[in-house]
Amino acid sequence: MRNTVAQRLRVEVEGTVQGVGFRPFVYRLARELELTGWVQNIRSGVLIEVEGDSPAIERFLQRLRTDAPPAAALDSISTRVIPVLDDVGFSINQSVKSGQLALVIPPDLATCADCQRELADPHDRRFRYPFLTCTQCGPRYSLLMAIPYERSNTTMAGFELCSACRTEYEAESNRRFHAEPNACPICGPGSCLWDEQGREVASGEDALRQAEEMLRAGLIVGVKGLGGFQLWVDSKLGEAVQRLRDRKRRPEKPLAVMFPSIEAVRNYCLVSSEEEALLCSPQAPIVLARKRRDAVLADAVAPGNPYLGVMLPTTPLHHLLMASLGRPMVATSGNRSEEPIVTDEREALVRLKGIADALLVHDRPIARPVDDSVVLVVPGKVQSVDGEQKEKPRAEVMILRRARGYAPQAIRWNDDATDGTAQGPILAVGGHLKNTVALLTGNRVVLSQHLGDLSTLEADRAFRQAVEDLQQLLHVTPVAIACDRHPDYRSTVFARGLSQALSVPLVPVQHHHAHVASCMAEHKLDGEVLGIAWDGAGYGEDGQVWGGEFLIASYRQFTRLASLKPFRLLGGEAAMKEPSRSAAAVLWELMGDEMLGHPLPSWKVTNDQRAQLANLLRSGVASPWTTSMGRLFDAVAFLTGLCHKTSFEGQAAMAVQFAAEQEGEAGGLEGYPIDLVPSHSPDRKWMIDWGPVISAVLADLRRGCSPERIALRFHASLAKVTVRVAQAVGLPRVVLTGGCFQNRLLLSLVRRQLEEAGFTVYSHALVPPNDGGLSLGQAVVAANLLNDVP
Ligand SMILES: [Zn+2]
Ligand SMILES: [Zn+2]
Ligand SMILES: [Zn+2]
């Protein structure tokens with residue numbers, strides 16, 4: 001008998017609410033509040049019916065938001081009053097039947113606190129078991145073979161649950177109720193250690209102990225983790241780290257380091273509270289944190305880099321290894337440079353041959369490569385504090401590599417689009433570097449994990465598999481395919497072939513338009529914005545290499561309002577690896593033949609080389625015009641002596657950034673004169689004349705000004721010019737995108753100046769500003785273009 005009037009509510013929750021322990025949470029909450037009804041997974045999220053006193057239902061709705069499991073992300077909650085049923089008890093209904101497939105693919109989650117406790121408890125039946133999981137943590141996407149997310153559709157299907165595990169799995173009140181990868185030492189996967197030839201040398205506890213011994217001795221061990229192999233080596237042993245670099249053919253690019261605990265991280269890095277929260281989150285990404293000056297790590301870990309990519313253990317196996325080793329370990333992707341990570345132990349014997357001295361493997365198959373994600377905390381929008389004049393920037397997360405923990409979470413780009421019918425499905429195949437692919441259905445876009453640069457066979461294979469994968473998992477066939485405008489990208493060639501095979505339209509999207517659209521989609525912006533897209537290279541409408549672009553853009557179209565003044569991309573691809581080429585090209589534009597005799601302090605190019613470069617510049621052979629901001633950074637890096645040769649993308653620009661950051665915050669520092677000049681070509685209104693900047697850099701160098709100060713003034717100039725363009729355009733919203741905005745100093749300077757001038761500024765938070773975000777932009781542009789067709 002109830003004292004007050006009962007009410008029944010149907011509650012629909014959208015977002016990341018499957019595979020994250022949401023149903024058991026709802027079950028416990030409803031029980032606690034003495035509500036009756038049920039909860040079940042549906043196509044777009046979770047459906048709940050609750051019945052009881054109005055105040056209790058009110059509390060239920062409140063706590064649905066505030067108390068949800070850490071990995072859950074609630075996009076929307078909608079409610080409807082329905083007739084009272086007077087039912088008894090609360091239950092978890094089985095997942096939807098076929099024809100009503102869930103669109104939600106849960107991401108992989110780091111080991112939760114409860115599981116960590118069990119792992120360390122000698123009285124627990126899962127004490128030191130490297131594969132324990134629960135409804136709130138463990139592998140999801142990396143072992144999923146089909147949806148709905150059920151054990152039979154995962155790579156755990158081959159492991160039959162023992163009776164103890166089955167009881168947990170079937171008990172609604174248990175924290176392992178329907179924990180699909182549930183396992184224990186009796187019934188679950190096990191680990192063993194292989195030598196280079198794939199011979200088993202130890203298993204179980206022995207395997208871990210021997211792997212640890214090898215690592216202590218400075219050897220390199222390939223560790224099969226959650227979404228693929230990592231290569232481990234002791235971060236304090238310089239020679240060992242260098243050996244890993246030599247074998248992996250990765251001379252300088254920073255290596256990520258795993259720490260045993262957050263306390264240990266603090267001993268090596270200056271971590272903010274936001275950075276600590278990210279490290280300890282269920283996503284547990286690699287966070288780029290500032291190194292402490294007194295941090296003792298081998299120089300070879302991140303040479304010349306003031307930041308360190310740090311992470312905490314993410315799986316029980318990692319926790320066990322790190323607890324015993326008790327020191328920071330290099331844990332880098334198990335691959336050769338820029339290939340996708342290795343997922344299978346047999347494949348590891350071939351692809352990691354000559355790199356790893358041994359392999360610590362296990363028999364839980366990995367369905368697809370899911371690399372560690374990389375994130376950065378950046379100063380966010382300036383907010384007023386308590387209405388006072390004092391303003392404090394709020395920190396925001398920027399994702400540089402979107403994989404484990406984040407992929408393939410859907411991005412809702414448009415609240416109006418109806419689910420699945422009005423738009424799409426549209427497949428977008430991304431660009432060439434840092435490739436991701438995307439599938440748009442209705443108002444959401446599912447983005448694949450980071451796949452790597454498509455220049456290797458392995459990456460090409462992973463790319464094709466990801467395309468297959470997304471279509472298969474979401475049970476859709478695209479009605480259109482979007483790609484980059486570059487005619488020769490592997491992704492474009494593939495898209496062209498597929499569109500012919502399926503007889504569906506191909507929608508090529510200009511590179512920088514896709515960058516801007518991806519950022520607009522993240523923030524659900526409609527209408528026109530000023531898009532500032534700065535990166536290394538993207539194929540322009542005129543066939544030139546664009547990269548310092550100001551676009552007036554909507555989803556449907558864009559006009560190129562301004563760009564950097566063009567200079568030669570000297571020798572094409574070669575210019576990306578040798579900053580001297582960009583330096584020569586800008587000097588040539590500035591002074592022509594005089595460049596040959598120009599005295600420069602850092603001009604470490606022989607006279608012969610100079611003459612060769614001048615010949616190339618004169619003839620223009622194999623040297624297309626470019627407006628690339630990345631290459632302008634290269635030129636400054638070379639002229640100031642900060643970087644002479646690069647071994648990875650963005651290295652020279654990073655050197656300029658680090659030098660500028662060393663000089664300190666640019667409060668009030670004057671930038672160099674930089675001009676907005678009318679363009680004489682019909683395709684754009686203005687050009688940014690960087691000539692005065694380079695002249696001023698040369699003058700500062702002659703004056704003996706430090707490279708750090710020059711680097712900072714260079715950044716300040718760029719920020720200044722964005723305000724001039726924005727004011728000339730007059731659109732209130734400005735979008736910052738492209739690989740150059742991974743530079744947190746540049747991002748914060750540009751943002752601050754634009755905001756001070758009254759503009760609303762948007763930057764990336766859900767997808768990378770680099771080419772990893774292109775597929776999202778391509779998908780939404782295509783959806784809008786196709787919608788225009790009657
Ligand atoms: Zn757990
Ligand atoms: Zn078991
Ligand atoms: Zn780009």
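Order of appearance sets the numbers: ligands from 1, and atoms from 1 within every ligand.
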Atom CD of Glu170 with >12 non-hydrogen neighbours under 6.0 angstrom: yes
Angle at the Zn ion (ligand 2) (to 10°), with one arm to SG of Cys165 and the other to SG of Cys187: 110°
Is it true that [X] and [Y] have ring centroids separated by less than 6.0 Å?
X      : Y      : value
His764 : Phe741 : no
Tyr489 : His432 : yes
Tyr129 : Phe131 : yes
Phe463 : Phe494 : yes

Donor + acceptor pair across side chains of Gln449, Asp371 (<3.5 Å): no
Heteroatom count (protein N, O or S) under 2.8 Å of the Zn ion (ligand 3): 4
